[in-house]
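Notes follow once the structure below has been shown.
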There are 2 protein chains.
Amino acid sequence: MTVAEKEYTISDLAKEFEITSRSIRHYEDEKLISPERRGTHRIYSSRDRVRLQLILRGKRLGFSLAQIRQIIDLYDLPEGKQKQTTLLLGLIQERRDALLQQRKDINFMLKELEMLESKLD
Amino acid sequence: MTVAEKEYTISDLAKEFEITSRSIRHYEDEKLISPERRGTHRIYSSRDRVRLQLILRGKRLGFSLAQIRQIIDLYDLPEGKQKQTTLLLGLIQERRDALLQQRKDINFMLKELEMLESKLD
DNA sequence: CATCAAGTTTACGTTTGCGTAAAGGTAAGG
DNA sequence: CCTTACCTTTACGCAAACGTAAACTTGATG
């Protein structure tokens with residue numbers, strides 16, 4: 001039997017992640033998330049909540065909502081045979097390259113901060 | 001004797017870093033860089049070039065120009081006794097926290113990408 | 001059933017980060 | 001001196017990512 005799925009209102013998630021409801025609705029406008037509707041009200045599932053986490057993670061990394069949607073869409077691949085594997089692999093590789101570059105940038109800046117800090121004696 | 005410092009025009013740097021001159025001037029408007037002037041023309045030194053690299057690194061990490069300026073300003077501390085050490089240490093710590101969070105986010109996403117990739121068989 | 005917090009849509013406003021003319025100044029070569 | 005390439009400032013334009021206000025609707029509660 002299916003365990004009762006957790007559900008969230010828009011302000012539940014807004015509070016939890018310290019963003020505004022407006023932002024969450026905006027992400028919906030931009031097709032990044034699409035919660036169930038119960039009447040007019042939005043009901044968010046655990047999966048929706050995870051998607052929101054992915055969105056925010058992408059944001060912290062400086063990706064645009066459009067880029068984040070691309071990444072998120074990768075998660076929605078219908079199981080089994082994929083549509084255009086090579087295209088997707090390319091997309092994944094692109095993302096990975098960007099992330100690896102970012103990690104380098106971060107490590108560089110962390111070192112710089114250390115040096116700066118040591119100057120403050 | 002002082003070794004002749006390398007100098008660059010705005011388009012030298014624009015080409016090297018694959019950005020537009022417009023962007024570089026914009027960074028100047030935003031007080032992120034302030035090259036020497038020879039007449040009306042801008043002359044960039046090696047130090048200016050390094051600053052530009054810092055700017056672009058910050059951009060790749062998703063920082064706003066205002067945030068980047070804060071970081072860059074840390075480099076311009078007059079040697080020796082600093083103005084408000086504790087304040088600066090706080091600022092540095094803030095930056096570090098953000099960078100560490102980003103690194104976590106990156107590592108998370110890299111793992112996710114691997115998983116996604118493995119689904120494409 | 002009245003109330004009241006929380007939800008909804010619609011739409012204009014704002015900030016950031018440049019793009020893109022427009023209109024002209026400057027430096028080197030022929 | 002004239003062309004040509006590159007530089008300058010000024011200023012309006014624009015997309016992204018929401019903020020914010022207006023004007024309802026809904027659902028839980030006393």
Side-chain angles (χ1 to χ4, degrees), chain A residues 6-45 48-49 51-73 94-95 98 101-102 105, chain B residues 6-45 48-49 51-73 95 98 102 105:
Chain A
K6 273 187 192 162
E7 295 186 345
Y8 310 86
T9 68
I10 195 166
S11 51
D12 284 343
L13 295 183
K15 263 178 218 162
E16 177 175 358
F17 295 113
E18 300 185 281
I19 57 180
T20 64
S21 297
R22 174 66 174 92
S23 295
I24 300 180
R25 291 198 193 96
H26 182 61
Y27 301 149
E28 186 173 347
D29 286 344
E30 299 295 322
K31 318 287 183 191
L32 294 178
I33 193 170
S34 49
E36 180 190 337
R37 295 288 183 132
R38 200 155 296 161
T40 65
H41 288 48
R42 293 169 173 82
I43 305 291
Y44 296 84
S45 69
D48 289 326
R49 186 174 164 282
R51 286 179 80 93
L52 187 52
Q53 283 184 305
L54 286 172
I55 294 171
L56 298 179
R57 202 163 1 239
K59 291 224 65 191
R60 283 196 299 270
L61 293 176
F63 292 121
S64 72
L65 294 185
Q67 291 176 312
I68 293 172
R69 180 173 49 196
Q70 281 199 332
I71 299 173
I72 280 185
D73 285 350
E94 250 180 65
R95 283 307 102 213
Q101 175 62 52
Q102 285 205 26
D105 290 331
Chain B
K6 271 187 193 163
E7 296 186 342
Y8 310 85
T9 68
I10 194 166
S11 51
D12 284 342
L13 295 183
K15 262 177 216 160
E16 177 176 357
F17 295 114
E18 300 185 281
I19 57 180
T20 65
S21 297
R22 174 64 175 96
S23 295
I24 299 180
R25 292 199 193 93
H26 181 61
Y27 302 149
E28 187 173 345
D29 287 344
E30 299 295 324
K31 319 287 184 191
L32 295 178
I33 193 169
S34 49
E36 179 191 337
R37 294 288 182 132
R38 199 156 296 160
T40 64
H41 290 49
R42 293 169 173 82
I43 306 289
Y44 296 84
S45 69
D48 289 327
R49 186 173 163 282
R51 286 178 81 92
L52 187 51
Q53 284 184 305
L54 285 173
I55 294 171
L56 298 180
R57 210 173 344 251
K59 290 221 62 189
R60 284 197 297 271
L61 293 177
F63 291 121
S64 72
L65 294 184
Q67 290 175 313
I68 293 172
R69 180 174 48 197
Q70 282 200 331
I71 299 173
I72 280 185
D73 286 350
R95 284 306 101 213
Q102 283 205 24
D105 289 333

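Order of the sequence lines sets the chain letters (A, B, ...), proteins ahead of strands, with each chain counted from 1. What you are looking at is a predicted structure, and each value in this text was computed from that prediction instead of being measured.
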- Item | Closest-nucleotide 5' rank along DNA chain D - winner of A:E30 and A:R38 |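 Of the two residues, A:E30 wins.
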- Task: Looking only at side-chain atoms of A:R37, point me to the closest of D:dT26, C:dT9, D:dG19.
- Result: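 Closest nucleotide to the A:R37 side chain: C:dT9.
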- Message: Closest approach to the side chain of B:T40, judged atom by atom: which nucleotide of D:dC18, D:dT8, C:dG17 is it?
- Response: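 Of the candidates, D:dT8 comes closest.
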Using only side-chain N and O atoms of [X], determine if any of them is under 4.0 Å from OP1 or OP2 of [N].
| X | N | value |
| --- | --- | --- |
| A:R42 | C:dT9 | yes |
| B:K59 | C:dG17 | no |
| B:T9 | D:dC6 | no |
| B:S21 | D:dC6 | no |
| A:T20 | D:dG19 | yes |
| A:S23 | D:dA17 | no |
| B:Y27 | C:dG17 | no |
| A:R22 | C:dT8 | no |

Taking [atom1] from [X] and [atom2] from [N], how many angstroms apart are they, rounded to a whole number?
| X | N | atom1 | atom2 | answer |
| --- | --- | --- | --- | --- |
| B:I68 | C:dC18 | CD1 | P | 9 Å |
| A:I33 | D:dA17 | CD1 | P | 16 Å |
| A:H41 | D:dT25 | NE2 | C1' | 8 Å |
| B:E28 | D:dT10 | CD | C1' | 15 Å |
| A:E7 | D:dG27 | CD | P | 14 Å |
| B:R25 | C:dG19 | CZ | P | 11 Å |
| B:Y8 | D:dC7 | OH | P | 16 Å |
| B:D29 | C:dT16 | CG | P | 14 Å |

- Task: Drop me the distance from B:F63's CZ to B:Q70's CD, to the nearest 0.5 angstrom.
- Result: 10.5 Å
- What distance do B:I55 atom CD1 and B:H26 atom NE2 have between them, rounded to the nearest 0.5 Å?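 Atom-to-atom, B:I55:CD1 and B:H26:NE2 are 10.5 Å apart.
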- Query: Any side-chain heavy-atom pair from B:R42 and B:I24 closer than 4.5 angstrom?
  - Reply: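 A side-chain contact is absent here, since even the closest heavy-atom pair is not under 4.5 Å.
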- 4.5 Å side-chain heavy-atom contact, B:Y27 and B:L52: yes
- Query: Do A:E28 and A:R37 meet the salt-bridge criterion of a basic N to acidic O distance under 4.0 Å?
  - Reply: yes
